[in-house]
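Every value quoted in this text rests on a predicted model; they were computed, and no experiment measured them.
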Amino acid sequence: MDDRLRRRTGWLLMAAGLAAIATGIAAGHGLPLAAGLVLAAVAAHLIAPADRRSP
């Protein structure tokens, strides 16, 4: 996957994750909150530079 596409996908997932976290907090439900945390973790992995990721 191209590095620019990978980072763009990461930022989109980060926005979706933060929206899910905010929804979970506002609604008082744990499932959107947990899903948002998972999406944010996946996004952080995609945004990280390639030389910092372990092989």
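- With L13 as reference, L46 is the one residue of I47, V38, L46 to meet the side chain to side chain contact (heavy atoms under 4.5 Å, CB included) rule.
- For L33, the side-chain contact (heavy atoms from CB on, under 4.5 Å) partners two or more places apart in sequence, or in a different chain, are I21, I25.
- Under the rule for a side-chain contact (heavy atoms from CB on, under 4.5 Å), L31 has no partner lying at least two apart in sequence or in another chain.
- At a threshold of 4.5 Å between side-chain heavy atoms, the hydrophobic network of Ile, Leu, Val, Met, Phe, Trp and Tyr places L12 and L37 in two separate groups.
- With contacts defined as side-chain heavy-atom distances shorter than 4.5 Å, the pair M14/L18 qualifies.
- Interatomic distance, CZ of R8 versus CG of D3, reported as 11.5 Å (0.5 Å rounding).
- Under the side-chain contact (heavy atoms from CB on, under 4.5 Å) criterion, A20 pairs with no residue at all, not counting sequence neighbours.
- Here the closest heavy-atom approach between residue A43 and residue G10 is recorded as CB-O, 3.1 Å.
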